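We count residues from 1, following the sequence as given. Note that the coordinates shown come from a computational prediction; the quantities given were computed from them, not determined experimentally.
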Amino acid sequence: MMGPSHALSGAAAWLAGCWALDHLAGYGQSPLAVAVGTTMCAGGALLPDLDLSGRVTRNQGGATVARTFGVFSLFVAEVVEKVSLGVYTATRLRRDPRRDNGHRTFTHTLPFAALVGWGTTELCVRFGKWAVVAIVFFTAGLALRGLFDEWAERAGWLIVTAAAGVMAWFTWLHLPGDRGYPLLGVAVGVGCVVHLLGDMITKNGVPILWPIPLGRRMWRMIGVPNAMAVKVGGPGEVIVLRTLFTLVSVLAVAGMFAPHLWHRFDLDTWADNAHWER
């Protein structure tokens, strides 16, 4: 899928999860905590595409996430792409094809998602608010670049970076500093997993089961049948899926912070009203 769809799916997944924890387990969170987690999950949903680098010296090309912070993120993407290709080359079996780039290899696996989630949790637990704010800055830039792709393209990476800085500064001012926020590592990890699921419904699939060998191949791409695959950038993605993700996000926010709105859609309430009217 495209960057905006990945970011929106990450936001929707985290908001729906927060609503479920609040509604089913009684685990409520402040609006700021929900916003920070949503930002991290939306940004995390773009992280796997750091293996798609562009032209660093020209500040061109690459995936959405690679262009977030201009030449700086393009350089990081170049390094990640080379590392991913190295992992692929070192672990490929005889039936795995030779490759000259690392896109949709190591960063598109469950071990990568687990590694990123664990690393984020360790940083948040060990360094608390400082780590949270730094990670918010990074993931906020990714989320802005993904969710508002056209605006970010026009505004340029300096404006995106400044906006991410403002969000990080606001978080620093209002987020309590006496907690480790280990749940935020889960947010980034979930975002990565949501990205993998999104790419699995496209034609090429992802090596989500690596490093489990299948049919004498270590890097077998797993996905839906081509007849069911979503066309990247097509109406199925841009209209249907993005509308669905937006609807889920809005309903989840309403369920957590404006529950009275749900009563208008409560079938039991409708049935009781109809009974009394009769």
Side-chain angles (χ1 to χ4, degrees), residues 1-11 13-14 39-56 61-69 71-93 96-123 135 138-143 145-146 149 184-214 217-223 232:
M1 291 197 298
M2 300 173 68
S5 301
H6 280 308
L8 191 56
S9 67
W14 190 253
T39 299
M40 287 190 171
C41 197
L46 290 171
L47 276 178
D49 275 346
L50 270 177
D51 64 0
L52 182 57
S53 60
R55 299 177 180 179
V56 178
T64 298
V65 61
R67 301 192 301 274
T68 302
F69 301 106
V71 294
F72 302 102
S73 52
L74 280 169
F75 175 75
V76 172
E78 183 74 20
V79 173
V80 171
E81 191 270 332
K82 293 296 187 290
V83 171
S84 297
L85 179 59
V87 173
Y88 177 89
T89 303
T91 61
R92 62 181 287 268
L93 299 179
D96 289 311
R98 294 185 179 276
R99 299 188 57 149
D100 57 4
N101 68 83
H103 183 47
R104 290 206 182 190
T105 55
F106 176 63
T107 62
H108 285 71
T109 65
L110 290 178
F112 174 80
L115 180 64
V116 169
W118 171 81
T120 303
T121 297
E122 283 295 301
L123 288 174
I135 297 170
F138 178 66
T139 54
L142 304 186
R145 193 66 175 81
D149 185 49
L184 297 181
V186 178
V188 179
V190 168
C192 291
V193 173
V194 170
H195 180 109
L196 302 185
L197 296 177
D199 278 352
M200 285 179 66
I201 64 174
T202 61
K203 186 175 181 180
N204 294 328
V206 295
I208 194 171
L209 296 180
W210 181 89
I212 301 174
L214 295 173
R217 289 184 60 179
M218 186 69 74
W219 295 90
R220 183 174 293 278
M221 296 295 180
I222 307 297
V232 176

### Message
Please tell me whether S84 and D51 have a donor and an acceptor in their side chains that are separated by less than 3.5 angstrom.
### Response
no
### Summary
Applying side-chain hydrogen bond (donor to acceptor under 3.5 Å, both in side chains) to N101 and not counting sequence neighbours gives R99
#### Entry: Considering all heavy atoms, the nearest L93-P213 contact
CD1-CB, 4.1 Å
### Query
Strictly by modelled atom types, are H108 and H103 linked by a side-chain donor-acceptor pair under 3.5 Å?
no
### Query
Hey, does L50 have a side-chain heavy atom less than 4.5 Å from the side chain of T107?
no
### Message
Less than 3.5 Å apart, any donor N or O on the side chain of T39 or W14 sitting next to an acceptor on the other?
### Response
no
### Query
Are L123 and I135 close enough, and set up right, to give a side chain to side chain contact (heavy atoms under 4.5 Å, CB included), and what steps lead you there?
CA-CA 9 Å; L123 288 174; I135 297 170; 4.3 Å; yes
### Gap separating the CG atom of L52 from the CG atom of L74, nearest 0.5 angstrom
10.0 Å
### Summary
Between the CG atom in D49 and the NE2 atom in H6, the distance rounded to the nearest 0.5 Å is 5.0 Å
### Query
Mind checking whether Y88 and P97 have side chains closer than 4.5 Å, heavy atoms only?
yes
#### Entry: Value rounded to 0.5 Å, distance of OG1 in T139 from CE in M40
5.0 Å
### Task
Any salt bridge (charged side-chain N to carboxylate O under 4.0 Å, His left out) involving residues 192-206? Give me the pairs, sequence neighbours left out, ordered by first then second residue.
R104-D199
### Message
Using 0.5 Å steps for rounding, measure from the OG1 atom of T91 to the CH2 atom of W219.
### Response
4.5 Å
### Query
Would L47 and V116 satisfy side chain to side chain contact (heavy atoms under 4.5 Å, CB included), going step by step from the backbone distance to the final call?
CA-CA 9 Å; L47 276 178; V116 169; 3.9 Å; yes
### Nearest-0.5 Å distance that lies between atom CZ in R217 and atom CG in D96
5.5 Å
### Message
I'd like to know whether F75 forms a side chain to side chain contact (heavy atoms under 4.5 Å, CB included) with V79, so could you lay out the CA-CA distance, the side-chain angles of the two residues, the decisive distance to 0.1 Å, and finally the verdict.
### Response
CA-CA 6 Å; F75 175 75; V79 173; 4.0 Å; yes
### Nearest non-hydrogen partners of L142 and G43, listed with the distance
CD1-O, 3.5 Å
### Task
Only counting residues at least two apart or in another chain, list the ones meeting side-chain hydrogen bond (donor to acceptor under 3.5 Å, both in side chains) with T109.
none
### Task
Mark yes or no for whether T120, through its side chain, and G185, through its backbone, hold a donor-acceptor pair below 3.5 Å.
no
### Query
Would you call the rings of F106 and F112 parallel, tilted or perpendicular, where under 30° means parallel and over 60° means perpendicular?
perpendicular
### Summary
Heavy-atom closest pair (G10 atom, A45 atom, distance to 0.1 Å) is CA-CB, 4.0 Å
### Query
Are M221 and N204 close enough that some pair of their side-chain heavy atoms sits under 4.5 Å apart?
no
### Task
Could you tell me the separation between the CD1 atom of I222 and the CG atom of L196, rounded to the nearest 0.5 Å?
12.0 Å
### Message
If you compare all heavy atoms of L214 against all heavy atoms of R220, which two are closest, and at what distance to 0.1 Å?
### Response
O-NE, 3.3 Å
